[in-house]
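Report on the structure given below.
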Amino acid sequence: MTGFARRSRGMLVFFAALASTPALAETTLWLVRPLYPGQEALVDRTEKALSRLFAPGDRKEHVVGMAELAAALKERDRKVEQVPCLTMGERCADPIDPFVAQLGFDRVVLVQGGQDEAGFKFRVAAYEPSRGKVTPATATAPVLEKALLGAVAKVVPVASTLEVKSDPPGATVYVDDTKMGVTPLSTQVLPGERTVKLDLKLHQPVEETLVVPIRGSASLDRKLDKVAARLVVTASPAGTSIFLDGELLGKDRVDRGIQPGKHTVRLSADNHKAYEQTIEVKPDEQFVLDKPLEPLPGAAVAPAPAKGTNPALPLPDPYATVRVIPPPPKPTETELTLERRSYFQASFEYVNLVGNALVGRRWGDGGTGRTADIRTPSRTLMGASVEYGTGGKYFGVTVIGLTYLTNAERYDLGVGFAPDRTRELRMGQPGPMQLDRARIHMGTIRALQPQLRFAAWRFLFQLQAGVEFRAAHITGVSSPSYGSEGFQVLDLMASARANVRFFIVEGLYFHVTGGFSYYLVGERSLLEEGFDDAGMEIGTRRSFQNSHHWGVSAGFGYGF
């Protein structure tokens with residue numbers, strides 16, 4: 001290395017030889033020697049570490065070590081022994097100028113490496129013939145590759161490009177625990193082994209180690225898996241064990257996806273009080289815990305490093321960044337109401353038919369008889385219903401709803417016949433045109449109806465719409481013409497319901513619901529206005545289809 005400090009001698013010889021010698025295709029020569037006697041084995045390790053730093057496309061521009069130099073010289077019909085000062089057997093006062101002058105490399109880098117009690121140490125000198133400039137540098141590190149890169153980076157342009165993408169985008173990118181930006185990201189980094197971490201809320205973090213070549217590029221493109229909920233636990237002192245529901249997850253820091261619900265987190269370390277906490281993590285939520293453990297009384301423990309310091313340094317680290325995560329704010333009444341995403345409720349139902357028709361066919365389709373109009377002033381049905389639904393925060397679905405209804409006052413019903421048919425006859429006599437005091441047993445089924453929900457304080461307002469199936473059995477029939485089985489009603493309806501809930505305590509609520517059902521498809525009936533004794537038509541014919549209906553209900557339910 002002394003030739004780098006005094007290189008005036010021999011420069012005239014160098015420039016004269018350089019002008020008359022064509023340069024090799026490779027532009028940089030790397031020569032490695034041991035720094036300390038007896039450490040020749042480090043030469044091979046260092047040469048391999050250098051080779052890994054180059055991008056594959058740039059490797060041909062570099063000659064690393066004596067073996068590659070000998071191969072390059074062979075192409076010029078020269079030998080290494082013919083180049084002064086390259087071998088260890090000959091010492092020169094100025095070793096760099098003579099062989100650079102004869103070979104014509106654009107840059108020559110001499111690397112001396114060794115290992116001592118402080119770790120690996122490298123001295124590097126880069127010589128650029130075109131500028132007549134020598135740049136020395138040194139570096140020490142516990143790992144050979146890091147010590148070598150630390151020295152080389154000071155004398156040779158080594159900046160490389162790192163491109164990081166993620167699906168979905170927007171993930172925070174950390175390179176060796178330093179925040180670099182968010183995806184998609186293109187940035188410059190030093191070459192070597194780099195640890196890249198992608199972190200996105202409510203997604204499983206990804207961490208990968210890349211080897212970034214000198215003046216090359218590396219890329220990382222990863223799909224981030226979404227998690228139902230996420231747990232981030234940081235604990236101290238170093239070596240603290242982190243358990244979740246009795247299972248050891250890791251030490252010091254854990255970042256992983258978990259299932260929503262209640263869990264038990266336990267932290268333990270030697271000579272420290274164990275810490276245990278029961279947590280409840282809701283869907284689409286990230287729970288963060290940063291907990292230092294308390295030492296046991298009288299236990300000898302190493303003092304914890306102060307915030308903003310590096311434990312490996314005796315003095316505070318001025319570049320340390322401490323991010324304090326405040327506890328989440330207490331949820332409001334409105335937020336608690338919206339979190340009740342599933343429910344089950346029971347109600348008292350009041351329904352009124354819109355119109356005067358209730359069309360039912362003979363039970364089992366045993367004849368042409370059809371009920372037609374309602375001849376009683378009342379159109380009221382009463383009963384009860386149950387309903388279960390679930391979904392997201394603002395959108396949900398009625399999974400299933402069942403309603404039973406019956407008439408509070410018995411109906412008198414007109415009886416006609418099916419379209420394109422005639423009245424039923426028994427022994428040549430037409431059946432009666434009216435049923436008296438008939439009982440109605442009606443049920444409705446609604447399923448998979450979408451909902452829109454929004455909350456204000458303890459009130460939850462809900463709108464839903466869809467289709468429902470209506471079925472009824474008309475009993476109280478005793479006629480030779482129609483038998484005693486009764487009539488059945490089968491309809492498909494379009495329905496809409498509006499619901500208001502008030503949460504009394506926890507998940508218990510009182511609700512009021514209003515709804516309207518519109519007839520779509522069902523039975524039809526014809527009715528003739530009067531016959532003579534022989535059964536001959538003397539009146540007009542009217543057609544009937546089933547009535548729509550509206551209703552209100554009130555009851556109690558539970559949201560969870």
Side-chain angles (χ1 to χ4, degrees), residues 340 342-360 371 374 376-390 396-411 413 437-453 459-476 486-504 507-523 545-559:
R340 306 284 179 177
S342 299
Y343 68 92
F344 178 83
Q345 65 187 31
S347 316
F348 168 79
E349 294 276 341
Y350 175 92
V351 170
N352 196 74
L353 299 176
V354 181
N356 69 331
L358 186 60
V359 180
T371 58
I374 303 174
T376 303
S378 174
R379 301 290 186 271
T380 302
L381 299 168
M382 291 187 291
S385 69
V386 293
E387 185 173 292
Y388 166 73
T390 187
V397 62
T398 300
V399 177
I400 187 70
L402 304 173
T403 301
Y404 168 76
L405 299 166
T406 187
N407 49 331
E409 180 181 346
R410 288 178 178 263
Y411 292 169
L413 299 173
R437 299 184 57 77
R439 173 66 71 186
I440 313 299
H441 300 280
M442 181 179 292
T444 63
I445 301 176
R446 52 191 175 276
L448 302 180
Q449 292 189 349
Q451 301 173 347
L452 174 64
R453 306 193 293 184
F459 288 95
L460 181 65
F461 303 92
Q462 178 177 289
L463 299 175
Q464 70 185 61
V467 296
E468 67 181 26
F469 179 72
R470 180 171 70 179
H473 186 202
I474 302 173
T475 64
F487 295 79
Q488 62 182 3
V489 179
L490 298 173
D491 295 321
L492 183 66
M493 316 284 289
S495 69
R497 298 168 73 90
N499 181 284
V500 179
R501 301 174 187 167
F502 176 74
F503 283 83
I504 303 170
L508 182 65
Y509 64 84
F510 172 78
H511 79 95
V512 176
T513 301
F516 184 82
S517 296
Y518 184 86
Y519 169 86
L520 295 177
V521 180
E523 297 294 338
Q545 69 178 30
N546 265 326
S547 300
H548 318 308
H549 70 253
W550 63 267
V552 294
S553 63
F556 293 90
Y558 188 80

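Quick note: numbers below take in every heavy atom, side chains included, and nothing from hydrogens, waters or symmetry partners.
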Of all heavy-atom pairs between [X] and [Y], which one has the smallest distance, and what is that distance?
| X | Y | value |
| --- | --- | --- |
| Ala465 | Pro450 | O-CD, 3.1 Å |
| Ile440 | Thr406 | O-OG1, 2.7 Å |
| Val386 | Ala346 | CG1-CB, 4.2 Å |
| Ala357 | Ser547 | O-OG, 3.0 Å |
| Gly522 | Asp491 | CA-OD1, 3.3 Å |
| Leu508 | Tyr558 | N-CD1, 3.6 Å |

Any heavy-atom pair between the side chains of Ser385 and Arg446 that's under 4.5 Å?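 Yes, at least one pair of side-chain atoms sits under 4.5 Å.
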Quick check: do Val489 and Ile474 have side-chain heavy atoms less than 4.5 Å from each other?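 When only atoms from C-beta onward are counted, Ile474 and Val489 do touch, with a gap below 4.5 Å.
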Can you confirm whether the side chains of [X] and [Y] place a donor and an acceptor under 3.5 Å from each other?
| X | Y | result |
| --- | --- | --- |
| Thr513 | His511 | yes |
| His549 | Tyr519 | no |
| Glu468 | Thr403 | no |
| Thr390 | Ser342 | yes |
| Thr398 | Gln451 | yes |

[atom1]/[X] to [atom2]/[Y] distance, rounded to the nearest 0.5 angstrom?
| X | Y | atom1 | atom2 | answer |
| --- | --- | --- | --- | --- |
| Thr475 | Gln488 | OG1 | CD | 13.5 Å |
| Met493 | Phe516 | CE | CZ | 7.5 Å |
| Ser517 | Trp550 | OG | CH2 | 12.5 Å |
| Asn352 | Ser378 | CG | OG | 7.5 Å |
| Arg453 | Phe461 | CZ | CZ | 14.0 Å |

Does the ring centre of Tyr509 sit less than 6.0 Å away from the ring centre of Phe503?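 Ring centres of Tyr509 and Phe503 closer than 6.0 Å.
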Does the ring centre of Phe459 sit less than 6.0 Å away from the ring centre of Phe502?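 Yes, they do, as the ring centres are separated by less than 6.0 Å.
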Keeping [X] on the side-chain end and [Y] on the backbone end, is there a donor-acceptor pair under 3.5 Å?
| X | Y | answer |
| --- | --- | --- |
| Arg439 | Asn407 | yes |
| Arg379 | Val354 | no |
| Thr371 | Gly360 | yes |
| Gln449 | Val467 | yes |

Under the side-chain contact (heavy atoms from CB on, under 4.5 Å) criterion, do Asn499 and Gln464 qualify, and how do the steps go? CA-CA 8 Å; Asn499 181 284; Gln464 70 185 61; 5.8 Å; no
Is it true that, when you exclude Phe469 itself, more than 12 heavy atoms of the residues, nucleotides or ligands shown sit nearer than 6.0 Å to its CZ?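 Atom CZ in Phe469 is packed in, count exceeds 12.
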Take Ile374 and Leu413 through the test side-chain contact (heavy atoms from CB on, under 4.5 Å) and record every step on the way to the result. CA-CA 5 Å; Ile374 303 174; Leu413 299 173; 3.7 Å; yes
Stepwise side-chain contact (heavy atoms from CB on, under 4.5 Å) check, Met382 with Phe348: CA-CA 8 Å; Met382 291 187 291; Phe348 168 79; 3.9 Å; yes
Among Leu405, Ile445, Leu490, Asn546, which residue satisfies the side chain to side chain contact (heavy atoms under 4.5 Å, CB included) criterion with Arg470?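 It is Asn546, the one option of Leu405, Ile445, Leu490, Asn546 that forms the side chain to side chain contact (heavy atoms under 4.5 Å, CB included) with Arg470.
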Residues Met442, Leu358; criterion side-chain contact (heavy atoms from CB on, under 4.5 Å); working and verdict: CA-CA 11 Å; Met442 181 179 292; Leu358 186 60; 4.3 Å; yes
Assess Arg501 against Tyr343: is NZ or CZ under 6.0 Å from the centre of the six-membered ring, and within 45 degrees of the ring's axis?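 Positive - Arg501 is close enough to the ring of Tyr343 and near enough to its axis.
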